[in-house]
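Comments concern the structure below.
Sequence lines set the chain letters: A, B, ... in the order given, protein chains first and strands last, and positions in each chain run from 1. Predicted model only: the values in this text are computed from it and were never measured.
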Amino acid sequence: MELPTRYEPQATEEAIYKTWLDADCFRSTPDDRPAYCITVPPPNVTGALHLGHALNHTIMDALGRRKRMLGFNTLVLPGTDHAGIATQSVVERQIAGEGISRHDLGREKFVERVWQWKGEYGDRIVRQLQRLGCGYDWHRLRFTMDEPYVDAILTVFERLYDQGYIYLGKRIVNWCPFHRTAISDIEVEHTDENGSLYHIRYPFTDGSGSVTVATTRPETMLGDTAVAVNPGDARYSGLIGKTLALPLVGREIPLIADDFAQPEFGTGAVKVTPAHDPNDFECGLRHDLPQIIVIGEDGAMTEAAGAAYAGLDRDEARKRVLADLEAQGFLVKTEAHAKTVGRCDRCKTVIEPLLSEQWFCRMAGTPMVEKAIADARDERVRFVPGRYRDIYLRWMENLRDWPISRQLWWGHRMPLWRMTDGDPKAQESYVCARDRAQAEAKLGSADVVQVDDVLDTWFSSALWPFATLGWPSESEETKRDLAYYYPTDALFTAQEILYLWVARMIMTGEEFMGDKPFDDVYIHATILDEKGARMSKSAGNGVDPVDLIELYGADATRFALAREAGQRQDIRVKPIREGRQEQVEQARNFANKIWNASRFALMNLEGYEPPAADAPTPTALADRWILSRLDAAAEAVNAGMDSYNLDDAARALYEFFWDDFCDWYIEAAKPRFQGEEAAQAKHVLWFTLERTLRLLHPIMPYITEAIWQNLPGAKERAGVDHLMFAAYPEKGIAARDPRAEADWALVQEVTRAIRTLRAENNLKGAGEAFFAPSDDAARATAGANADIIAFLARAQPLTFAAGPEDGFLAPTRFGDVRVPRPEVSAEEVAQERARIEKDIAKIDKDLAGLNVRLENPQFVASAPAPVVEKARAQASELNEKRAKLEERLKQIG
RNA sequence: GGGCGAAUAGCUCAGUGGUAGAGCGCCUGUCUUACAAACAGGUGGCCGGGGGUUCAAAUCCCUCUUCGCCCACCA
């Protein structure tokens, strides 16, 4: 077997993936097996895969692969998202580099450019997922702008519209002046910033004094249509109803009473700008106030702001207004004031609350929302970790209507039409129609126009679990797929899109499929940098998974992520420094260990034919022990995978493979391959390796496949061509053997004692060692394994006797170990004495602790008997050990 | 302003009532016929602070501090 001593993933992984594709391993069609279906969160077509994706897909692929091996018909259905605002932003930035804006190009040309972008970058994501090893059914790859998918969107829209859920509303929305579109609350990012609170004096028109208001946004005063005070505020009790003259503008506005003005804030008087603040808007409705829009869609002041300010950017306008107020004596004072500022989560532009006409979808109280709440409350949809259920419920129970129209160009244009001369601000003008012909028929006119707006990108992603499976097609294939795969089994995502996406999928699933979209929602950790900060392109602290894969291979990258992917809220990932990344490097070392252990096994199993009876039933201790450990590992790995604790599974595999299988079993097996135990040792080696490869495969698919393909008899015994189709080992694949585990502990402890004595005393080469077992059981176990202990400890031979009086001594639980002492210098004697004294000091410390407990009558009375027994046993062991060490001290003088 | 998570060896993390573990790092040896990306041995921690419950607390409760995440229309 010609295998290099180092595992080189770069040389093999891509070729292996190709064999899987060529054999069409990942295709899923309904059959007699139970289904396991995941529709993957579609990455945006904005660019490349980031580490969060890598984690997300590692988890899904690992769990999907394991289910396939457990006999489920696994469908992991991939796709990409057109990602309206995000992709439009990217392309706008791109053309900005050419010195043009989307408005220079015009809608049609611009959308062409975005399609071009999608063509280039959509495939790139797919290639990167394949490089990561994802076993997805690429025949079913979906894109949110594919024709059948668009059909689903139109169908959903039509139904919601016909039921009266979709309406045109005039509201304050979050307006992004950069994108020139409305966005929803959850697309606004809040940051705490240092600002100022400005106190401005508004004089009464009758010259009887003034009222001072406090505001953080002085520029909006140009649109004020009232000042409000709390009706219970004694300071203003006689003044309500009087008229104020708005400084700079001169407009006469009333002083009104409204509960939303809080006496304790500022001066207790608040300026009311109904067109630019949600609270003021509500207040304006209550008092029937005019709504004056002074900031336009581009973030600049409008004509209504007055000639002096029109055309100024809002920041510039603020400065000008303040200067003018100051000059005219209206600015009373300015104080520092921390405030939260809303920014567009895509471009970080400060959001302008703006009064505008938008399309909304009704939420609160609708059956789909009620059902989506009930699904979580009754745990028909299970959240993992469970705490996210409460977070979800709290949000769902306070839902506001969903603004679904966006003033973007890249997206699904809303299927709403009106006659050209119809009132665009009246809902009655509109009909819902899929195309011009239908619109003309419905409106009874050929002179029709479609609304310019596109749908919120999350409107389309909300349909993902069923639209990707073909809904609303009535074809036999679709009906079969939906019946078989829906509801899907689990959804895997990060917490940031719990509301944006998860909640809405549950609602639409209930509304249009009459059932939840998935059983489980697993919210995995968010990737943070080493200091705990969010990774972002602008901060430059990102780690590119493609770099990690190129450095260390996909298996190592996957293992490193899986090993930390538990129920935690975040995972810290260090940067790549000087071409190294610690966490993935450790995983790469593990892969290399797997490679080399397997290489050793393959060398010893050349030409080997595993017996027909798959599972060995050996008699030798080492064999019984490793099989028992294998079974324990299988149990732990399955438990971890079943409970979304991939980290536990990864750790169990790591520890079993490295500590048990490599460090002890393989080492112990070396001499046995020559002796009379060779047959059973080889069988156990083959079996343990083969089953371990199966256990590892979901997390490290490439290296395990590479080895398995070379393992003699593996394919024949499993009856399949690829490891991914072999049965996944579960608890019970081998005999649990507590006796063997207890006996092996002796082998380990005696071995370690000899090793330590030899290492600490600088004894080179193989030498003698003595073991005086404390009882017959220890003698029997050690006797049967003397050769192995001697081999492992590089001690030759192991003699069952007290050994020479002047030998180095190590008391163990099973008896005394001695290693003969050659000529030593006074210095070396001093070193040995120091070590023994240190050991005794440690024993004394432990004994003191134990005695405190044992001498406490309450401990003896209250603690469970086994605990007391254990403490007594420990104390007596330590006393014994101490006595022996003391004796040894006297010996060396 | 609410909600949540985290704080354990220099670093990254395990450890949910019985006197602390792993990997990396560091120190000593070793090219022992799978692996120096390795092997053997060792060093290293009043488990963030304070209180409480208990015979017994890293672990359960309260509180404080620090860091982070999510949510939030107080000018």
Side-chain angles (χ1 to χ4, degrees), chain A residues 3 5-7 172 174 185-186 190 197 213-217 220 228 260-262 264-267 269-273 277-282 337 339-340 342 353 385 387-388 390-391 394-395 398 495-496 498-499 526 528 530-534 552 563-564 566 568-574 582-583 585-586 588-604 647-648 651 654-655 658-659 662-663 666-667 670 752 755-760 762 764-766 791-794 845-846 848-850 852-853 856-864 866-868 870-871 874:
Chain A
L3 295 173
T5 63
R6 284 189 176 189
Y7 176 56
I172 298 278
N174 304 297
D185 292 342
I186 34 187
H190 298 272
L197 189 63
V213 301
T215 181
T216 55
R217 297 205 58 200
T220 62
F260 103 93
Q262 303 197 3
E264 56 277 14
F265 187 92
T267 59
V270 57
K271 59 193 263 325
V272 182
T273 322
D277 181 280
N279 280 317
D280 295 7
F281 173 75
E282 295 294 331
H337 182 73
K339 72 172 294 200
T340 58
R387 61 188 131 94
Y388 288 109
D390 299 329
I391 294 174
R394 207 169 316 145
W395 190 73
N398 295 292
Q495 82 168 300
E496 60 181 357
L498 182 59
Y499 309 127
T526 305
L528 304 177
E530 62 178 339
K531 297 190 198 83
R534 198 177 194 86
Y552 298 119
R563 171 188 234 188
E564 313 218 21
R568 286 153 57 193
Q569 188 167 276
D570 48 55
I571 295 176
R572 292 185 184 203
V573 176
K574 297 184 174 190
E582 196 182 301
Q583 289 145 305
E585 185 168 298
Q586 288 176 21
R588 185 276 313 266
N589 292 352
F590 180 48
N592 196 50
K593 190 73 179 173
I594 295 170
W595 182 253
N596 278 297
S598 301
R599 230 161 45 86
F600 171 82
L602 293 177
M603 282 164 59
N604 283 282
D647 53 344
D648 291 344
R651 254 190 295 276
Y654 184 96
E655 286 167 12
W658 203 314
D659 300 347
C662 292
D663 287 350
I666 286 185
E667 290 307 318
K670 281 176 180 173
R752 285 192 182 113
R755 281 175 177 170
T756 305
L757 289 181
R758 298 180 54 76
E760 285 187 337
N762 223 2
K764 296 194 199 282
F791 178 83
L792 291 171
R794 287 175 66 71
K845 193 180 157 223
D846 290 348
L850 283 166
V852 165
R853 291 203 283 162
N856 178 353
Q858 281 174 308
F859 169 71
V860 180
S862 317
V867 173
V868 178
K870 193 178 160 201
Q874 277 173 343

- Item | Among B:rG42, B:rA34, B:rA40, the nucleotide that comes nearest once only the side chain of A:Cys662 is considered | B:rA34
- Message: Check the orientation of A:Trp658 and A:Phe590. Use parallel for under 30°, tilted for 30 to 60°, and perpendicular for over 60°.
- Response: parallel
- Nearest-Å distance for atom pair CZ/P, residues A:Arg794 and B:rG29: 17 Å
- Task: Looking at every strand, decide which applies to A:Arg755 at a 4.0 Å heavy-atom threshold: base, sugar-phosphate, or nothing.
- Result: sugar-phosphate
- Query: Taking atom types as modelled and ignoring hydrogens, do the side chains of A:Arg853 and A:Asn856 form a donor-acceptor contact shorter than 3.5 angstrom?
  - Reply: no
- Item | Identified side-chain hydrogen bond (donor to acceptor under 3.5 Å, both in side chains) counterpart of A:Tyr552 within the set A:Gln586, A:Glu585, A:Gln583 | A:Glu585
- Task: Would you indicate what A:Ala793 reaches in the nucleic acid, counting non-hydrogen atoms under 4.0 angstrom: base, sugar-phosphate, or nothing?
- Result: nothing
- Query: Below 4.0 angstrom from OP1 or OP2 of B:rU32, is there any side-chain N or O of A:Lys764?
  - Reply: no
- Using a cut-off of less than 4.0 Å, is there contact between a side-chain N or O of A:Arg568 and OP1 or OP2 of B:rC13? yes
- Task: Quote, to the nearest angstrom, the P distance that separates B:rG48 from B:rA57.
- Result: 15 Å
- Query: Base, sugar-phosphate, or nothing: which does A:Phe590 touch, judged by heavy atoms less than 4.0 Å apart?
  - Reply: nothing
- Integer angstrom distance from the P of B:rG15 to that of B:rA6: 11 Å
- Item | Option among A:Asn174, A:Ile172, A:Thr220 that satisfies the side chain to side chain contact (heavy atoms under 4.5 Å, CB included) test with A:Pro353 | A:Ile172
- From CG of A:Asn762 across to P of B:rG41 the rounded distance in Å is 15 Å
- Between the CZ atom in A:Arg758 and the OG1 atom in A:Thr756, the distance rounded to the nearest 0.5 Å is 11.5 Å
- Note on the structure: Heavy-atom nearest nucleotide on RNA chain B taken for A:Tyr7 and for A:Glu760; more 5' hit belongs to A:Tyr7
- Can you find a side chain N or O atom of A:Lys670 that sits less than 4.0 Å from OP1 or OP2 on B:rA34? yes
- Does a distance-only test, which skips hydrogens and angles, find a donor-acceptor pair under 3.5 Å between the side chain of A:Glu667 and the base of B:rA40? no
- Task: Report the residue (A:Tyr499 or A:Arg6) whose heavy-atom-nearest nucleotide on RNA chain B is the more 5′ of the two.
- Result: A:Arg6
- Closest to the A:Asn856 side chain, choosing from B:rG41, B:rC55, B:rA34: B:rC55
- Task: Have a look at A:Gln262 and say if it touches a base, only the backbone sugar-phosphate, or nothing, with a 4.0 Å heavy-atom cut-off.
- Result: base
- Side-chain contact check for A:Pro278: nearest option of B:rC73, B:rU12, B:rC35 is B:rC73
- Item | Length of the line joining A:Ile666:CD1 and B:rC35:P, which is rounded to integer Å | 12 Å
- Item | Nucleotide B:rA72, atom C1' - distance to CG of A:Asn174 in whole Å | 12 Å
- Query: Just wondering, are more than 12 heavy atoms of other shown residues or ligands nearer than 6.0 Å to NZ in A:Lys339?
  - Reply: yes
- Query: Between B:rA37 atom C1' and A:Asn592 atom CG, what is the distance in whole Å?
  - Reply: 5 Å
- A:Arg217 near the nucleic acid: base, sugar-phosphate alone, or nothing, with a heavy-atom cut-off under 4.0 Å? nothing
- Note on the structure: Nearest heavy-atom contact between A:Ala214 and A:Thr267 is N-OG1, 4.1 Å
- Task: Drop me the distance from A:Lys271's NZ to A:Thr215's OG1, to the nearest 0.5 angstrom.
- Result: 4.5 Å
- Counting any heavy atom closer than 4.0 Å, what does A:Arg394 reach on the DNA or RNA strands: base, sugar-phosphate only, or nothing? sugar-phosphate
- To the nearest 0.5 Å, atom CZ of A:Arg6 lies from atom CZ of A:Arg599 at 11.5 Å
- Kindly compute the distance separating CG (A:Leu602) from CG (A:Asn596), expressed to the nearest 0.5 Å. 11.0 Å
- Message: Rounding to an integer number of angstrom, what distance separates B:rA38 and B:rG23 when you compare their P atoms?
- Response: 11 Å
- Item | B:rC47 versus B:rC11 - spacing of their P atoms, nearest Å | 16 Å
- Report the distance from atom CG of A:Leu757 to atom P of B:rG29, rounded to the nearest whole Å. 19 Å
- Per-nucleotide pairing state of RNA chain B [Watson-Crick or G-U, under 3.5 Å; [ ] pseudoknot-crossing; | other strand]: ((((((((.[[[[.)..(..]]]].(((((.......))))).....[[[[[..)....]]]]])))))))....
- Item | B:rA40 versus B:rC35 - spacing of their P atoms, nearest Å | 14 Å
- Message: Looking at A:Arg651 and A:Asp647, is there a salt bridge between them, counting it only when a charged N and a carboxylate O are closer than 4.0 Å?
- Response: yes
- Message: By the 4.0 Å heavy-atom rule, please label A:Asn279 as base, sugar-phosphate, or nothing.
- Response: base
- Taking atom P of B:rC71 as reference, at what distance in whole Å does atom CD1 of A:Ile391 sit? 10 Å
- Message: Quick check for you: among B:rA72, B:rC13, B:rG41, whose closest atom lies nearest to any side-chain atom of A:Arg572?
- Response: B:rC13
- Message: Can you check the distance between B:rC69 and B:rU59, where both ends of the measurement are the C1' atom (answer in whole Å)?
- Response: 25 Å
- Message: Taking only the P atom of each, what is the distance from B:rU54 to B:rU8 in whole angstrom?
- Response: 29 Å
- Query: Expressed in whole Å, how much space separates the P atoms belonging to B:rG42 and B:rC24?
  - Reply: 15 Å
- Which nucleotide in B:rC4, B:rA37, B:rU12 has an atom nearest any side-chain atom of A:Glu564: B:rU12
- If you look at every strand shown and take non-hydrogen atoms under 4.0 Å, does A:Thr526 touch a base, only sugar-phosphate, or nothing? nothing
- Message: Once rounded to the nearest 0.5 Å, what's the spacing between atom CD1 of A:Ile666 and atom CZ of A:Phe600?
- Response: 6.0 Å
- Query: For A:Tyr654, is the NZ or CZ atom of A:Lys593 found under 6.0 angstrom from the centre of its six-membered ring and inside 45 degrees of the ring axis?
  - Reply: no
- Can you tell me the distance, in whole Å, between the CZ atom of A:Phe600 and the P atom of B:rA38? 18 Å
- Nucleotide by nucleotide, 5' to 3', does protein get under 4.0 Å of the base (B), only the sugar-phosphate (S), or neither (-) in nucleotides 15-25 of chain B, counting heavy atoms? ---BB---BS-
